[in-house]
A.B. asks: 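Handing you a structure now.
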Amino acid sequence: MAVSRQSDAPAYDGVARLLHWLVVALVAAQFVIGWTMPDIHRDTQPVGLIAWHLGVGAALIATMAARVVWRLAHRPPPSTLSPALRAVSGATHFLLYAVLLVVPLLGWANASSRGWAVKLLGTLNLPALAPTGSSVGHAMGDIHGVLAWVLFALISLHVGAALFHRFVVKDRVLQRMLP
Ligand code: HEM
Ligand code: HEM
């Protein structure tokens, strides 16, 4: 049976749902590109897959900025979960937001420390987050790679929970975020 949202069930608003799935697509692309792009050395140029990682990354930074602003101005629909589960899901969502902001910012700082421009839609130059040659910016690249795994673990937990609600508990939690 196809899963679809019923208009009378409480759901996230259309903008929140659009931004959620846009972020899912951009983050999925970032993992695939991040794990397949060539190793980066001192004289590596930001071309090919590395350029894609920076371009998709800039789009993700802009989308996350819009998402945080939207989320602060719009409350989610009332929860149907028990207080304990509500606390766990609230904590997971908060951590997802936090790591989704920190990982891109660290990548951006690392790109700046390498003297690489981060451009939104290939045109608008985002400001440098660290001076070229900064050792702190370089260290941030290492933390970026490690925290990407933390993000991966959080996403696995989150997706597992969404599927658990849909197929085991059989409630309408997943439908709250469907198109
Ligand atoms: C959630 C979003 C992101 C994910 C999941 C992600 C994932 C990754 C992964 C898996 C690597 C390879 C790490 C390694 O092999 O050790 C990487 C490297 C890198 N990423 Fe990202 N990335 C994201 C966002 C960004 C953004 C927004 C930028 C910049 C605009 C960026 C810039 C970089 C750079 C410069 C490197 C090379 C770091 C180094 O080797 O020193 N990333 N990223
Ligand atoms: C890159 C992958 C993903 C990330 C980073 C992510 C992130 C998030 C975040 C931060 C929220 C909280 C929204 C808010 O309160 O403003 C959320 C909610 C939600 N996500 Fe995801 N998500 C991802 C993938 C998925 C997938 C694949 C599914 C479905 C299988 C899913 C289903 C849901 C549902 C149902 C909610 C609403 C939960 C509720 O009603 O409280 N997410 N997601």
Side-chain angles (χ1 to χ4, degrees), residues 3 5 9-13 15-17 19-42 44 46 49-64 67-68 70-72 74-81 85-86 88-90 92-114 116-120 126 128-130 137-152 154-167 171-178:
V3 190
R5 196 175 56 77
Y12 283 80
D13 62 79
V15 175
R17 282 180 277 132
L19 291 173
H20 176 273
W21 292 107
L22 186 55
V23 167
V24 172
L26 293 171
V27 169
Q30 283 301 71
F31 273 114
V32 173
I33 302 169
W35 281 329
T36 53
M37 66 191 188
D39 281 347
I40 296 171
H41 305 288
R42 192 174 294 272
T44 303
L49 284 176
I50 300 173
W52 275 100
H53 195 70
L54 299 180
V56 174
L60 178 63
I61 288 164
T63 310
M64 275 310 296
R67 190 172 177 190
V68 168
W70 189 263
R71 179 63 171 78
L72 291 175
H74 299 83
R75 296 179 71 80
S79 174
T80 51
L81 303 177
L85 271 187
R86 200 179 307 168
V88 173
S89 83
T92 310
H93 292 165
F94 178 82
L95 280 176
L96 275 167
Y97 272 112
V99 180
L100 274 172
L101 289 171
V102 170
V103 167
L105 286 175
L106 291 173
W108 179 4
N110 179 264
S112 303
S113 75
R114 295 179 186 282
W116 296 349
V118 178
K119 288 185 185 177
L120 187 57
L126 301 186
L129 278 196
H138 270 78
M140 286 181 179
D142 296 338
I143 307 173
H144 176 76
V146 173
L147 277 188
W149 281 107
V150 174
L151 177 61
F152 190 80
L154 281 171
I155 291 172
S156 305
L157 179 72
H158 174 70
V159 175
L163 297 179
F164 187 78
H165 277 287
R166 172 67 184 91
F167 295 109
D171 59 15
R172 299 192 56 82
V173 165
L174 176 58
Q175 281 83 342
R176 288 155 60 91
M177 198 46 104
L178 289 184

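Note that ligands are numbered from 1 as they come in the structure, with each ligand's atoms numbered from 1 the same way.
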A.B. asks: Could you list the atoms of ligand 2 found under 4.0 angstrom from a heavy atom of L96?
C.D. replies: 7 (C), 8 (C), 10 (C)
A.B. asks: Classify the ring geometry of F31 against W35: parallel below 30°, tilted from 30° to 60°, perpendicular beyond 60°.
C.D. replies: tilted
A.B. asks: With backbone taken as N, CA, C and O and side chain as the heavy atoms from C-beta onward, which portion of W21 lies under 4.0 Å from ligand 2: side chain, backbone, both, or neither?
C.D. replies: side chain
A.B. asks: Quick one: which of R114, K119, H53 has a heavy atom closest to atom 40 (O) of ligand 1?
C.D. replies: R114
A.B. asks: Would you mind listing which atoms of ligand 2 come within a distance below 4.0 Å of any non-hydrogen atom of R67?
C.D. replies: 8 (C), 9 (C), 10 (C), 11 (C), 13 (C)
A.B. asks: Is the closest N or O pair between W35 and ligand 1 shorter than 3.5 Å?
C.D. replies: no
A.B. asks: May I ask you to decide if M177's main-chain N or O and W21's side chain share a donor-acceptor pair within less than 3.5 Å?
C.D. replies: yes
A.B. asks: Which of the numbered atoms in ligand 1 are under 4.0 angstrom from any heavy atom belonging to I61?
C.D. replies: 27 (C)
A.B. asks: Relative to ligand 2, is I155 under 4.0 angstrom through side chain, backbone, both or neither, heavy atoms considered?
C.D. replies: side chain
A.B. asks: Heavy-atom distance to atom 26 (C) of ligand 1: which of G55, P104, G137 wins?
C.D. replies: P104
A.B. asks: For residues L95 and H158, determine if any side-chain heavy atom of one lies less than 4.5 Å from a side-chain heavy atom of the other.
C.D. replies: no
A.B. asks: Quick one: which ligand 1 atoms are inside 4.0 Å of a heavy atom on W108?
C.D. replies: 28 (C), 29 (C), 30 (C)
A.B. asks: Would you say H158 reaches atom 21 (Fe) of ligand 2 with an N/O/S atom under 2.8 Å?
C.D. replies: yes
